[in-house]
K.L.:
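One structure follows; several queries about it will come next.
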Amino acid sequence: MMCLESDGVGTGVGSQGCIPGAEERGLETLPGRMNPNSLDVKAVELESESSKPDKEYSWKRSSVTAAGILSVGNVLNYLDRYTVAGVLLDIQQHFGVKDSGAGLLQTVFICSFMVAAPIFGYLGDRFNRKVILSSGIFFWSAITFSSSFIPKKYFWLLVLSRGLVGIGEASYSTIAPTIIGDLFTKNTRTLMLSVFYFAIPLGSGLGYITGSSVKQVAGDWRWALRVSPVLGIITGTLLLIFVPTAKRGHAEQLKGSSWIRDMRGLIKNRSYVFSSLATSTVSFATGALGMWIPLYLYRAQVVQKAVEPCNIPPCSTKDSLIFGAITCLTGFLGVIIGAGATKWCRRKTQRADPLVCAVGMLGSAIFICLVFVAAKTSIVAAYICIFAGETLLFSNWAITADMLMYVVIPTRRATAVALQSFTSHLLGDAGSPYMIGFISDLIQQNTSKSPVWEFLSLGYALMLCPFVVVLGGMFFLATALFFLEDREKAEKLVNQLMMPATAVKV
């Protein structure tokens, strides 16, 4: 029997009454019947729902932390890569190699990088990505540190070590963006990828700065190769501890397909193909300019009698420091301008992403051409042109990665990034540093040996870069023609892959 207190208005049971059998059959109320057992169930449901915001906040916080660590790792990858360029003149003097030999360091690095990238792409779509990433960092850190002890008689060993470093770094550049793609979606993913790819110019610039600064402080260029390995070990450890193991396609809840089917889908994806060709031209230009511009500007100042020729290391570090600072700043501005321009243009057209990239490439080509005109008379004017050209060139990095996320389904993104990386390096910076050095040496062989012709020959070789950049702009325009169609196909395929899982749940 259940007894109820009442205010005595319209109850029919007095001021205090009992309802026989109410405990057994539940309480009858105006809205309906209320079972006491249901109170416990609802309490559990309410408690579960109240805990959801806490879990979501915890997941978001860990995801942002993971993206931050992955971005720091990307900074270190490029810092290590361009530390060599920051002390390139000292390496030439120490080992007694010409321009073509110096360019071989970067070419061998990129060749091993591009060969390893598809392998890590396959592994990244099927095995623990966190373990692969950290192992790659530990590997290249150990090799880079060891290479700082190579005697001057064994230049070939330094070349080999750069090739091994390329294998280690390939694991990171291929897999890390796919983890970010699985942790975030839509605008948040665009933002996080922008931060991740801002690490490329930031790390490149810091590579020049670190190489030249450490060399100047220590009095020996080899100490510059011992900085990034220490930081790499720390970052690899943090990655193992703090980066969550996100499932592939976590945001979209998808299941994967076979590797052969993935490759067929990517090859038929015209937006992906043209954007990959466009990134190849970006890689060609950044690889060549990043390797040779500091040396080119140094030779320009020798011709202008602003500095004395360096025959015995350590040589002047001013141009590497300035170029490194410019690269860091233009990378930051480029990512912001690219993301902002894309966001604004999306209000006008759905093809905004590839169109913004195309405009940036074509504008960059103009300023890169002006660098070689200005360097003959004014180093300051040359730096201004470099600043403008790099800003426009860097504006498309994050956008290109975001386009890939739109037109490629999540379960084949690691393979897509790996294949794009392979293509861009094969057609881009795998050969451009060596090609520029080879052309420069070839011109010098047919002219009189003098500081003037050392400067001019390298300038003539570098003039190839703006023409390649224009070609990249054309590829981005071609991407714009098929972008909407390929994005729609990817969305439909995602829905098809989600349907079986939904059916099972129901």
Side-chain angles (χ1 to χ4, degrees), residues 70 73-74 77-78 80-81 106-140 143 160 162-182 193 196-197 200 248-249 254 256-284 286-287 397 400-401 403-405 407-433 475 479 486 490:
L70 291 171
N74 207 27
N77 272 300
Y78 282 86
D80 176 79
R81 185 180 303 187
Q106 187 73 351
T107 293
V108 169
F109 171 90
I110 296 299
C111 285
S112 62
F113 184 100
M114 72 177 186
V115 170
I119 298 173
F120 285 114
Y122 176 85
L123 297 175
D125 277 337
R126 289 157 179 83
F127 300 100
N128 191 310
R129 292 177 289 185
K130 202 164 64 166
V131 173
I132 297 173
L133 287 180
S134 57
S135 299
I137 292 178
F138 294 146
F139 179 76
W140 71 249
I143 296 297
L160 176 62
R162 296 311 295 171
L164 294 175
V165 170
I167 295 174
E169 293 189 13
S171 65
Y172 198 92
S173 299
T174 302
I175 298 173
T178 67
I179 296 180
I180 295 177
D182 287 336
L193 285 173
F196 180 82
Y197 282 100
I200 296 178
R248 295 162 186 84
L254 304 178
S257 57
S258 68
W259 184 80
I260 295 177
R261 186 176 180 182
D262 289 345
M263 293 298 294
R264 287 176 179 172
L266 292 174
I267 293 172
K268 293 179 181 179
N269 191 324
R270 291 171 292 184
S271 296
Y272 173 77
V273 170
F274 281 118
S275 64
S276 297
L277 292 173
T279 57
S280 300
T281 64
V282 176
S283 295
F284 185 99
T286 54
W397 266 338
T400 304
M403 282 195 293
L404 185 146
M405 300 296 172
V407 300
V408 177
I409 62 173
T411 52
R412 60 178 61 151
R413 283 175 185 163
T415 301
V417 172
L419 183 59
Q420 188 175 82
S421 178
F422 177 85
T423 304
S424 63
H425 290 308
L426 176 65
L427 302 178
D429 53 357
S432 64
F475 284 133
T479 303
D486 291 328

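We're numbering straight along the sequence, starting at 1. Treat the numbers as computed from the prediction; the structure is a model and nothing was measured.
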K.L.:
Compare every heavy atom of G166 with every heavy atom of S112, then report the nearest pair and how far apart it is.
P.N.:
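Looking at all heavy atoms of both residues, the closest pair is OG-CA, 3.6 Å.
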
K.L.:
Taking the side chain as every heavy atom from C-beta outward, state whether I167 and W140 have any atom pair closer than 4.5 Å.
P.N.:
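Side chain of I167 against side chain of W140, heavy atoms only: no contact under 4.5 Å found.
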
K.L.:
Report the residues that fulfil side chain to side chain donor-acceptor pair (under 3.5 Å) with Q420, sequence neighbours left out, ordered by chain and then residue number.
P.N.:
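Applying side chain to side chain donor-acceptor pair (under 3.5 Å) to Q420 gives S276.
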
K.L.:
Between S171 and G136, what is the shortest heavy-atom contact and its length?
P.N.:
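The pair with the smallest heavy-atom distance is OG-CA, 3.3 Å.
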
K.L.:
Any salt bridge (charged side-chain N to carboxylate O under 4.0 Å, His left out) pairs touching residues 110-124, not counting sequence neighbours?
P.N.:
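Sorted result for residues 110-124: empty, none.
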
K.L.:
side-chain contact (heavy atoms from CB on, under 4.5 Å) with Y272: which of I267, T479, L419?
P.N.:
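Of I267, T479, L419, side-chain contact (heavy atoms from CB on, under 4.5 Å) with Y272 is met by L419 alone.
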
K.L.:
Does any non-hydrogen side-chain atom of T279 lie less than 4.5 Å from one of F475?
P.N.:
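No, too far: nothing below the 4.5 Å cut-off.
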
K.L.:
Could you list the residues that satisfy ring-ring contact (aromatic ring centres under 6.0 Å, His included) with F113, not counting sequence neighbours?
P.N.:
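Listed in chain order: H425.
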
K.L.:
Do I110 and R81 touch side chain to side chain, with heavy atoms closer than 4.5 Å?
P.N.:
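I110 reaches R81 side chain to side chain.
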
K.L.:
Quick check: closest heavy atoms across V408 and A416, and the distance to 0.1 Å?
P.N.:
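V408 and A416 have their closest heavy atoms at CG1-CB, 3.9 Å.
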
K.L.:
Please confirm whether the backbone N or O of L70 pairs with a side-chain atom of Y172, one donor and one acceptor, at under 3.5 Å?
P.N.:
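Yes; at least one donor-acceptor contact below 3.5 Å.
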
K.L.:
For L427, what residues pass the side-chain contact (heavy atoms from CB on, under 4.5 Å) criterion, not counting sequence neighbours?
P.N.:
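side-chain contact (heavy atoms from CB on, under 4.5 Å) check on L427 returns L277, S280, T423.
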
K.L.:
Residues in side chain to side chain donor-acceptor pair (under 3.5 Å) with D486, at least two apart?
P.N.:
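D486 satisfies side chain to side chain donor-acceptor pair (under 3.5 Å) with S271 only.
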
K.L.:
Can you list the residues that meet the side-chain contact (heavy atoms from CB on, under 4.5 Å) rule with S283, with sequence neighbours excluded?
P.N.:
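For S283 the side-chain contact (heavy atoms from CB on, under 4.5 Å) partners, ignoring immediate neighbours, are S424, D429.
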
K.L.:
Who passes side-chain contact (heavy atoms from CB on, under 4.5 Å) against L160, sequence neighbours left out?
P.N.:
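If we apply the side-chain contact (heavy atoms from CB on, under 4.5 Å) test to L160, skipping adjacent residues, the hits are W156, L157.
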
K.L.:
Sequence neighbours left out, what passes side-chain contact (heavy atoms from CB on, under 4.5 Å) with F138? Give chain and number order.
P.N.:
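By the side-chain contact (heavy atoms from CB on, under 4.5 Å) rule, F138 matches S134, I233, T237, L240.
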
